[in-house]
Amino acid sequence: MKPLIIALALILAAPLPAYAHPRTPRDLRELAHQQGIRIGTAVDLAALRGEADYRTVLNREFTHVTAENAMKWESVEPERGVFIWRDADALVENARRNRQRVRGHTLVWHNQLPAWLTTGVAEGKIDDRELRDILRDHITTQVRRYKGKIRAWDVVNEVVEEDGTLRQSLWLTHLGPGYIADAFRWAHRADPQAKLFINDYNLEWNAPKIETTLSIVKDLQARGVPIHGIGFQGHLGIQYDYPGDWANVMRRFADLGLEIAVTELDVRMVLPVTEEKLATQADYYRRALTDCLSVEACRELTVWGFTDRHSWVPGWFDGEGAACLLDENLAPKPAYRALLSVKRPR
Ligand code: XIL
């Protein structure tokens with residue numbers, strides 16, 4: 001054999017350098033580091049306190065956390081002027097100790113508002129002027145409390161309807177559409193370092209919602225309002241087609257200069273669980289991570305709970321469940337292994 005051919009044969013036979021083919025990560029934390037993104041989960045504070053195995057998995061696997069409920073308005077201010085920060089503080093402190101960044105969820109939403117606020121407005125005891133002051137104080141108080149400790153805030157959540165109109169929430173009907181810009185400005189003033197997001201569901205595929213959300217972002221940017229990111233909740237179900245255009249939708253927002261995050265990924269199924277459904281679910285999780293990795297601006301993928309022991313799905317979708325990466329006993333499902341095997345697409 002000619003020396004050149006021998007040399008070529010040797011090169012081809014040699015193992016590829018480690019950086020070209022990193023070994024399969026042992027867990028999600030290692031996957032996150034290898035891929036240069038953050039992998040997060042929603043956290044159930046009662047489980048964090050009460051279940052040692054839940055705590056172990058949470059702190060081993062994840063580099064980002066979101067409070068599933070603990071930072072919502074009804075949780076932090078159940079009575080007017082009575083603030084309860086215990087759970088939210090515990091989440092932030094646990095994150096610090098375990099090198100996890102935090103997503104604040106959420107400042108302005110139409111759900112899980114305290115009764116004093118909704119009934120106060122409905123009964124006319126809180127007029128529109130006062131309502132605006134209440135919203136400003138709420139945002140300022142909460143964002144300031146965690147200044148420097150929250151990487152990203154979901155400033156407004158679910159403000160667009162399925163048909164692309166603005167949601168007829170208490171905020172829109174009493175304050176007008178300007179409440180969105182106000183919310184971002186107030187949040188920015190309270191913590192200029194925090195990345196401020198607009199967050200929604202069905203944004204993975206719903207055209208009217210996508211177009212309206214894009215125009216909201218452009219309009220805010222044109223007016224100099226601080227907005228830094230778009231959150232795709234990513235509540236998927238295997239009985240629906242995977243949203244095949246998702247990466248392109250992400251790119252359209254990235255083109256506006258926004259950071260992209262998948263903020264609440266879960267993949268539910270109609271029960272009972274079968275091997276086949278678990279395989280389909282694994283494929284949906286794999287595709288969601290692949291889509292995120294295919295867009296440079298996508299820096300965080302957060303799942304809405306990591307175990308079927310604590311998932312909102314059975315309580316909200318009749319006859320559905322098993323939406324998470326781990327089962328009730330915290331055993332990894334095929335979806336978990338599918339994530340570990342994802343490579344960054346070229
Ligand atoms: C859900 C929680 O998971 C439940 O525990 C709670 O009862 C209702 O809210 N979109 C969101 C999340 O932005 O805040 C919701 O969380 C799920 C849908």
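Just so you know, ligand 1 is whichever comes first in the structure, and atom 1 is the first atom listed for that ligand.
Residue Gln233 has at least one heavy-atom neighbour below 4.0 Å for each of these atoms of ligand 1: 10 (N), 11 (C), 13 (O), 18 (C). Applying the 4.0 Å criterion to heavy atoms of His105 picks out, from ligand 1, the atoms 11 (C), 12 (C), 13 (O), 14 (O).
At a heavy-atom distance under 4.0 Å, only side-chain atoms of Asn69, from C-beta outward, approach ligand 1. Neither the backbone nor the side chain of Thr106 has a heavy atom within less than 4.0 Å of ligand 1.
Heavy atoms from other residues, nucleotides or ligands lying under 6.0 Å from NZ of Lys149 number 12 at most.
Remark: minimum distance from atom 3 (O) of ligand 1 to any protein heavy atom is reached at Glu68 OE2, 2.5 Å.
Where the criterion is an N or O separation shorter than 3.5 Å, residue side chain and backbone included, Trp109 fails it with respect to ligand 1. Looking at ligand 1, you won't find any N or O of Asn199 less than 3.5 Å from one of its N or O atoms. Polar contact with ligand 1: absent for Trp312 (N/O pair, distance under 3.5 Å).
When the heavy-atom distances from atom 1 (C) of ligand 1 to Glu264, Met71, Lys72 are ranked, the shortest goes to Lys72.
Heavy-atom distances between Trp304 and ligand 1 reach below 4.0 Å in at least one pair.
The residues Asp255 and Arg252 are annotated as not salt-bridged, no charged nitrogen and carboxylate oxygen being separated by less than 4.0 angstrom.
Tested against Thr263, the residues Thr66, Asn199, Asp154, Thr302 include a single side chain to side chain donor-acceptor pair (under 3.5 Å) partner, Asn199.
Here His110 and Trp171 keep their ring centres 6.0 angstrom or further from each other.
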Q | Worked check of ring-ring contact (aromatic ring centres under 6.0 Å, His included) between Tyr336 and Phe306 | A | CA-CA 10 Å; Tyr336 176 90; Phe306 59 88; over 10 Å; no

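The cluster map of Ile, Leu, Val, Met, Phe, Trp and Tyr, joined by side-chain heavy atoms under 4.5 Å apart, puts Ile180 and Ile134 in the same cluster.
Under the 6.0 Å distance and 45° angle rule, Arg132 does not count as a cation-pi partner of Tyr179.
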